[in-house]
Protein chains: 2
Amino acid sequence: MLDSAPGATPGPSRRSSDATRAAILDAARARFAADGYDRATIRAIARDASIDPSMVMRYFGNKEALFATAVAVDLRLPDIAALPREEVGRALVAHFLGLWEDNGELTAMLRVGVTNPVGAERMRSVFRDQLLPVTRLVCPDPEQVPTRSALCAAQLLGLALTRYVLRLPPAVELAPEEVVAWLGPTLQRYLTAPSP
Amino acid sequence: MLDSAPGATPGPSRRSSDATRAAILDAARARFAADGYDRATIRAIARDASIDPSMVMRYFGNKEALFATAVAVDLRLPDIAALPREEVGRALVAHFLGLWEDNGELTAMLRVGVTNPVGAERMRSVFRDQLLPVTRLVCPDPEQVPTRSALCAAQLLGLALTRYVLRLPPAVELAPEEVVAWLGPTLQRYLTAPSP
DNA sequence: CGGAGATGTCAACGCTTGTTGGCCTACGCA
DNA sequence: TGCGTAGGCCAACAAGCGTTGACATCTCCG
C-alpha cells in the first residue's frame, strides 16, 4: 500500500489532486475496516496514503466527512423478482458473501456502526433504503415485510460479525458454498414461509 | 444511579470499600455497554460512581483490568441434554433472549469485542468454552460440532447486534415470543438437521 | 486520647488526538 | 523567463485520555 521509502520523495514528482484523494480514500476504508472509527486516526490514514495529516483535512474537511465519503455503501442487490421464488434465499446469501469477501467497505461500516452513533444511523438507513425494498418484492404480506427483512439482516450481519470481525475460527473456515447451503434455507424461510 | 447531589457529601458519612467497588463495577458495565471500550472513559465511569478517577485505578489497577473484572460473562447455559431433543433450538433462543434483556454485560462484551482485540479474544473464548461444549451434547457427528456451533453463534449474535446495538426498528419491536418462534427452528436445524 | 490505616480528593504528568495556519516548492501557462 | 497557484510540509494549538503521587480526612482499635 505504501509505495515510497520512508523519508524519500526527495524532489521531483508530485501527485495529481485526484490521485491523492483516491489514495486517502483507500487508506481510510482500510483503516476504518480494520480499526473502527475511533482507533482509525487521521494520522495513521495519512501515513498509509504517504501524505501529511493536514492534507486530509484540506481534502475532506474533518474526520466525519472523510468517513462519510470513504464509506458509501451500495449493496447492489440483484433483482430477485426475476429469480425462481424458491431460490431467493440462496441468491441473497451468495450475493452478500461475494460483497463482503472482496471489499472492506462493509466491514468498515459494520465496525463503525457498532462504535459510533452516526455509523449506526448509517446502517439503519442502508437497511431501510436498500434491503427492505427488495424484501418487499418477495414477501406475501406487506405488513410482515419489516419483520422478515430484519430477520434476514440479523442472520446476514451475524455471519459477517462472526466471520469477518470476531473471526471465530469455525466461521472463518467455512467454505463459501457451505455458508450458502446452510444460510440459504434460513433466509428462504424468513422471506417466504408462513409466519409461525 | 447517582445518589448524591453534585457537589455534596460535605463532611460525615463515607462508603465502605465494597460499596464503592460495586458502584464502580456497575458504572463500568453500563458505560462499556453503551459506549464501547475506547469511548467509555475512566473519568466518565468515575463520575457515574460519584468518585475520583484515581480511586478507580487504586481499586482495579488499570482500565483493562477493570474491564476484565466488570465484564465476566457466564452464559449459564441450561442442560439441554435433559430436554426433548426437538426443543433445544427454542430453548437456546429463549435462554439467550432472557440473558440479553436484563443485563448490559453481554451488550458490553459485544460492543467491546468489535472495538478491541482483547475483547474479540474474550468473545472467542466464551464461544469455545461455553457454547461449543453444550453444542456437543446435542450434535450427532462430533466433527460437525464447531461448524454447527458457529452457525448458532452467528444467528444469535446477529439478533443481538440488530436488536440491542444497531437498534433496527423492526428488530427492536419484535416480541420475545416472536423471536423464539422465528429463530427457534433455525437453531434447531443448525444443531440437529442432517448437514445440507 | 492518639495514632495507624482505610477512604477519598487534587493537581499534575506525558501522550495522543483532531484541527489550524503559515510557509515552501515545483509545475504550467504567458 | 517570470509568476500564480496547486500540491505539500511543518509546527503548533487545545482538549481529552490513562495514570501517578502527594496530601487531606474520617474511623476504629488499643
Side-chain angles (χ1 to χ4, degrees), chain A residues 2-25 27-28 31-32 35-70 112 115-119, chain B residues 2-25 27-28 31-32 34-70 112 115-116 118-119:
Chain A
L2 303 175
D3 51 1
S4 63
T9 321
S13 72
R14 216 157 8 168
R15 274 188 296 199
S16 81
S17 171
D18 287 356
T20 301
R21 266 186 76 94
I24 294 173
L25 287 175
R31 282 285 173 179
F32 282 131
D35 300 340
Y37 190 82
D38 291 300
R39 293 170 116 88
T41 66
I42 297 271
R43 284 170 157 89
I45 291 168
R47 202 178 321 123
D48 287 356
S50 308
I51 205 159
D52 190 88
S54 65
M55 290 304 287
V56 177
M57 310 303 296
R58 249 231 262 285
Y59 277 97
F60 298 97
N62 60 31
K63 187 176 179 180
E64 216 167 275
L66 169 63
F67 171 72
T69 310
V112 175
T115 302
N116 191 273
V118 177
Chain B
L2 302 176
D3 51 1
S4 63
T9 320
S13 74
R14 226 177 333 187
R15 274 188 298 198
S16 81
S17 170
D18 288 356
T20 302
R21 266 187 76 93
I24 294 173
L25 288 175
R31 281 285 174 179
F32 282 129
D35 300 339
Y37 191 82
D38 291 299
R39 293 170 117 89
T41 67
I42 296 271
R43 285 168 155 90
I45 292 168
R47 204 177 319 120
D48 288 355
S50 308
I51 205 156
D52 190 87
S54 66
M55 290 304 286
V56 178
M57 309 305 293
R58 239 224 269 281
Y59 277 100
F60 297 97
N62 59 32
K63 187 177 180 180
E64 219 168 273
L66 169 64
F67 172 71
T69 309
V112 175
T115 301
N116 189 274
V118 177

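Letters A, B, ... mirror the listed sequences (proteins, then strands); counts begin at 1. If you're wondering where the values come from, they're calculated on a predicted model, not measured in any experiment.
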Side chain to side chain contact (heavy atoms under 4.5 Å, CB included) assessment of Thr41(A) paired with Asp35(A): CA-CA 9 Å; Thr41(A) 66; Asp35(A) 300 340; over 6 Å; no
Rounded to 10 degrees, the angle between the two terminal axes of the helix from dC1(C)-dG30(D) to dA30(C)-dT1(D), each from five pairs: 10°
Shortest non-hydrogen contact from [X] toward [Y]:
X: Met57(B); Y: Asn62(B); result: CE-CA, 3.6 Å
X: Lys63(A); Y: Asp38(A); result: NZ-O, 3.6 Å
X: Asp48(B); Y: Ala27(B); result: CB-CB, 3.7 Å
X: Ala49(B); Y: Arg15(B); result: O-NH2, 3.0 Å
X: Ser54(A); Y: Asp52(A); result: OG-OD2, 2.7 Å

When you check the phosphate oxygens OP1 and OP2 of dT7(C), does a side-chain N or O of Ser17(B) lie under 4.0 Å from one of them? yes
Start with the C-alpha gap between Ile24(B) and Thr20(B), add the side-chain angles, then the distance that decides, and say whether side chain to side chain contact (heavy atoms under 4.5 Å, CB included) holds. CA-CA 6 Å; Ile24(B) 294 173; Thr20(B) 302; 4.0 Å; yes
Over how many whole Å does the gap from [X] atom [atom1] to [N] atom [atom2] extend?
X: Arg58(A); N: dG21(C); atom1: CZ; atom2: C1'; result: 10 Å
X: Met55(A); N: dT19(C); atom1: CE; atom2: P; result: 16 Å
X: Arg15(A); N: dT25(C); atom1: CZ; atom2: C1'; result: 17 Å
X: Phe60(A); N: dT20(C); atom1: CZ; atom2: P; result: 16 Å
X: Ile24(A); N: dG8(D); atom1: CD1; atom2: C1'; result: 11 Å
X: Arg21(A); N: dG7(D); atom1: CZ; atom2: P; result: 11 Å

Partners of Asn116(B) by side-chain contact (heavy atoms from CB on, under 4.5 Å), sequence neighbours excluded? Arg39(A), Tyr37(B), Val112(B), Val118(B)
Looking only at side-chain N and O atoms, does Ser16(A) offer a donor or acceptor that is under 3.5 Å from a partner on Asp18(A)? no
Looking for any heavy atom pair under 4.0 Å, which part of the strands does Tyr59(A) touch: base, sugar-phosphate only, or nothing? sugar-phosphate
Sort me out a list of protein N/O and nucleotides 16-20 of chain D N/O pairs below 3.5 Å, or just none if empty.
unit_1	atom_1	unit_2	atom_2	d
dG18(D)	OP1	Ile42(B)	N	3.2
dG18(D)	OP1	Lys63(B)	NZ	3.1
dG18(D)	OP2	Ile42(B)	N	3.1
dG18(D)	N7	Arg43(B)	NH1	2.5
dG18(D)	O6	Arg43(B)	NH2	3.1
dT19(D)	OP2	Lys63(B)	N	2.9

